[in-house]
Amino acid sequence: MTWDVLPRSFADADAEDVARALLGHLLVHVVRGRPRVGRIVETEAYLGPHDLACHSSKGRTARTEVMFGAPGHAYVYLVYGMHHCVNVVTGHGAAVLLRAVEPVEGLSTDNTAGPGRLTKALGITLRHNTLPLDEAPLFLARGAEVPARRIARGPRIGVDYAGRWAKEPLRFWVANHPFVSR
DNA sequence: GCGGTGATAGAT
DNA sequence: TCTATCACCGCC
């Protein structure tokens with residue numbers, strides 16, 4: 001199989017637009033020559049330093065530096081001591097969290113709804129932090145675009161601490177898709 | 001509903 | 001060095 005890899009410029013736009021545009025495309029992690037592939041069906045936009053739910057609202061630190069770098073790279077972090085989350089950096093402190101994929105190929109489990117389950121199924125860890133997302137081992141590839149009328153939106157999950165930003169409808173998902181979390 | 005788990009950031 | 005916090009998940 002040859003992949004139609006999405007160029008880094010795909011992520012060079014507002015996080016909200018990228019969050020929508022990523023739905024339907026593929027996340028590929030090549031492990032020992034074998035691709036692990038999921039189709040993105042749920043995302044969340046984190047807009048930048050002014051967005052109090054976004055890690056970059058704490059400023060430029062060793063951890064958040066990657067979000068201030070070039071678009072199209074991975075921001076991976078560990079939460080609650082055990083779950084990895086992977087984001088697509090869109091630049092200027094913003095990024096898009098990948099929350100759920102539909103299993104396509106090579107996954108260790110078909111339990112891929114939820115950011116921690118997604119990274120576990122694909123084998124994504126802190127080692128992938130800052131990697132470019134247009135080349136092996138970890139890249140985005142063209143799937144099927146999701147028509148706007150099939151995209152639902154609502155508040156982001158788990159960011160109640162962020163005041164009014166917790167209510168902003170910055171979570172996007174494929175309507176009625178069985179692999180969307182919750 | 002509750003707690004495990006460890007990286008992170010800020011305080012001491 | 002210490003401590004609070006956390007973009008979650010599995011089990012109760």
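Letters go in sequence order (proteins before strands), and every chain restarts at 1. Predicted model, so just to flag it, every value in this text is computed and none were measured.
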Less than 4.0 Å between a side-chain N and a carboxylate O, is that true for [Y] and [X]?
X      : Y      : value
A:E168 : A:R153 : no
A:R150 : A:E145 : no
A:D51  : A:R164 : no
A:E44  : A:R99  : yes

Starting at [atom1] of [X] and ending at [atom2] of [N], how long is that distance when rounded to a whole Å?
X      : N     : atom1 : atom2 : result
A:E42  : C:dA7 : CD    : P     : 16 Å
A:L98  : C:dC8 : CG    : P     : 14 Å
A:L118 : C:dC8 : CG    : P     : 13 Å
A:I157 : C:dC8 : CD1   : C1'   : 11 Å

field: G-U wobble or Watson-Crick pairing nucleotide for C:dA7 (cut-off 3.5 Å, both distances)
entry: none
field: Nucleotide opposite B:dT5 in a Watson-Crick or G-U pair, distances under 3.5 Å
entry: none
- request: Assess whether side-chain contact (heavy atoms from CB on, under 4.5 Å) is satisfied between A:L133 and A:F10, documenting all intermediate values.
  value: CA-CA 10 Å; A:L133 288 169; A:F10 186 91; over 6 Å; no
query: Going 5' to 3' along nucleotides 2-11 of chain B, which nucleotides have protein heavy atoms under 4.0 Å from the base (write B), which only from the sugar-phosphate (write S), and which from neither (write -)?
result: --BBBSSSS-
message: Quick check: on DNA chain C, is the nucleotide nearest A:V159 upstream (toward 5') of the one nearest A:R117, or the reverse? Name the residue that is more 5'.
response: A:V159
query: Do A:Y77 and A:H55 have their ring centres less than 6.0 Å from each other?
result: yes
message: Is the phosphate of C:dA7 approached by A:R171 (side-chain N or O, under 4.0 Å from OP1 or OP2)?
response: no
